[in-house]
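The block underneath contains the structure these notes are about, expressed in structure tokens.
By convention in this document, chain letters (A, B, ...) are assigned in the order of the sequence lines, proteins followed by strands, and residues within each chain are numbered from 1. Model, not experiment: these values are computed from the prediction.
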2 protein chains.
Amino acid sequence: MGKKSKAEKKGKNGKKRDEIVAEAHDHDLASILVQAARSMRTVLSRNLVESGLYAGQDGVMLALAETDGLTAGALAAKLGVKAPTMTRTIGRMEAQGFLERRPDKDDARLTKVYLTGPGRDRLQTIAEAGHHSEKLATRGLTDKQVRTLLKLLRVVDSNLQAARAAD
Amino acid sequence: MGKKSKAEKKGKNGKKRDEIVAEAHDHDLASILVQAARSMRTVLSRNLVESGLYAGQDGVMLALAETDGLTAGALAAKLGVKAPTMTRTIGRMEAQGFLERRPDKDDARLTKVYLTGPGRDRLQTIAEAGHHSEKLATRGLTDKQVRTLLKLLRVVDSNLQAARAAD
DNA sequence: AACCCTCTTTAAACTGTTTAAATCATCGCT
DNA sequence: AGCGATGATTTAAACAGTTTAAAGAGGGTT
């Protein structure tokens with residue numbers, strides 16, 4: 001892969017912005033987090049696409065696997081997105097046949113979402129895809145480190161959710 | 001917030017999917033990572049939007065601050081996106097006046113990207129936005145924990161980049 | 001019965017992302 | 001020197017995700 005063949009020929013790099021860069025490095029957590037997530041989404045997508053799912057939809061499936069018949073609003077809150085986002089996602093997934101909307105018969109304002117048979121069939125695949133992606137992502141880390149990472153990420157996530165909720 | 005008023009009235013939950021859910025929990029790293037990143041992007045956006053930037057563009061700015069005159073392809077690789085994505089992003093940012101494209105005079109196939117004056121003016125703001133978001137995200141964590149988190153995230157990111165590169 | 005509140009959806013406007021095809025310049029070989 | 005292979009960039013087309021603002025629909029309360 002002769003990538004550095006010609007493009008690197010001239011050694012004239014900028015050199016006097018070190019202070020700016022130093023400050024920019026405080027930005028690391030945000031960048032690395034977003035970047036890691038982007039890669040995770042890409043990798044997860046590859047494993048998911050075979051079952052007709054997109055990354056982002058799997059969260060809905062898992063939430064429903066845990067508690068079937070959640071409302072759209074509850075799903076949105078649980079996944080940390082706004083209601084219209086969830087409406088669109090649900091719409092797509094309903095069109096794909098993985099779940100279905102049904103009005104609650106006690107309160108017609110509520111629309112509850114249920115997994116369909118085909119949807120439930122995908123759960124296994126989703127679990128495997130997640131498992132596989134996680135194994136890929138944590139290569140070289142000990143179990144303890146993975147647990148630590150999860151713990152820290154949960155704290156960060158919870159902090160951020162709180163921050164974004166404080167509109 | 002009487003959220004459980006009516007919707008929870010019926011206690012008929014599914015009960016035999018416990019194994020599936022158990023497996024689904026292995027999926028935690030992927031979900032929590034993506035979710036944390038989503039929140040991070042949202043929070044970062046709020047701090048960035050004042051300077052006319054969107055989350056996702058800041059990475060380009062920082063990369064150029066470190067090494068001005070990168071090619072489109074190098075930027076794409078550095079940020080872990082595909083070339084066309086970078087082309088669009090660069091196009092938007094050029095239209096906004098934060099950077100400019102200039103053909104390399106040694107190799108006319110290459111288009112190098114440079115920060116403009118206004119672009120360089122934003123670096124300070126970007127650094128501050130990142131810093132602020134990071135402070136928000138790591139509330140309650142010790143410095144050491146933050147360093148640990150960064151270290152682990154770098155490993156994960158590097159693993160995932162390697163995995164996605166292996167097309 | 002009227003009014004208000006809550007939930008859901010629609011609408012509009014973006015950014016981000018990918019794959020595949022098209023463009024274009026350079027490089028190597030005959 | 002010309003010609004084809006190579007490589008970089010951009011264009012095109014098609015989706016997903018996201019947000020804010022507004023509209024639609026039901027319920028509950030006074």
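Mapping Arg41(A) and Thr87(A) onto DNA chain C by nearest heavy atom places Thr87(A) at the nucleotide closer to the 5' end. Residue Ala83(A) is the one, among Ala83(A) and Gln57(B), whose nearest nucleotide of DNA chain C lies closer to the 5' end (criterion: closest heavy atom).
The distance from atom CZ of Arg102(A) to atom OG1 of Thr111(A), rounded to the nearest 0.5 Å, is 12.0 Å.
Counting heavy atoms from C-beta outward, Phe98(B) and Val60(B) have side chains that stay 4.5 Å or more apart. For the pair Tyr114(A)/Leu70(A), no side-chain contact is recorded, criterion being any heavy-atom separation below 4.5 Å from C-beta on.
In this structure, CD of Gln96(B) is placed 12 Å from P of dC14(C), rounded to the nearest angstrom. Across the protein-nucleic acid pair, Arg102(A) atom CZ and dT9(C) atom C1' stand 20 Å apart, rounded to whole Å. If you take CG of Asp106(A) and C1' of dG26(D), they are 13 Å apart, rounded to a whole angstrom. Following rounding to the nearest Å, Asp107(B) (CG) and dT6(D) (P) show an atom-to-atom distance of 17 Å. Following rounding to the nearest Å, Met86(B) (CE) and dA8(D) (P) show an atom-to-atom distance of 16 Å. Look at CD on Glu94(B): it is 12 Å from C1' on dT10(D), rounded to the nearest Å. Between the P atom of dC14(C) and the CG atom of Leu48(B) lies a distance of 18 Å, rounded to the nearest Å. Between Lys112(B) atom NZ and dT10(D) atom P the separation is 14 Å, expressed in whole Å.
Identified under the salt bridge (charged side-chain N to carboxylate O under 4.0 Å, His left out) test for residues 140-161 of chain A, with sequence neighbours left out: Arg154(A)-Asp28(B).
When heavy atoms are screened at a 4.0 angstrom cut-off, Thr111(A) is found touching the sugar-phosphate backbone but no base atom.
A sub-4.0 Å separation between OP1 or OP2 of dT8(C) and a side-chain N or O of Thr71(A) is present. At dT17(C), none of the side-chain N or O atoms of Thr85(B) fall inside 4.0 Å of OP1 or OP2 (strictly under the cut-off). For the pair Arg109(B) and dT23(C), the criterion of a side-chain N or O lying under 4.0 Å from OP1 or OP2 is not met. For the OP1/OP2 pair of dG16(C) and a distance below 4.0 Å, the side-chain nitrogens and oxygens of Arg92(B) include at least one atom meeting the criterion.
For dT9(C), its base never sits under 3.5 Å from the side chain of Arg88(A) at any donor and acceptor pair.
For Pro84(A), taking side-chain heavy atoms from C-beta onward, the closest of the listed nucleotides dG17(D), dG16(C), dT10(C) is dT10(C). With dT10(D), dT19(C), dT20(D) as the candidates, the nucleotide lying closest to the side chain of Lys82(A) is dT20(D). Side-chain atoms of Leu110(A) lie closest to dC7(C) of the nucleotides dC7(C), dT9(C), dA12(D). If you check dG27(D), dT8(C), dT19(D) against the side chain of Ala108(A), the one that comes closest is dG27(D).
Minimum interatomic distance between Thr116(B) and Gly97(B) (heavy atoms only, all atoms of both residues): OG1-O, 2.6 Å.
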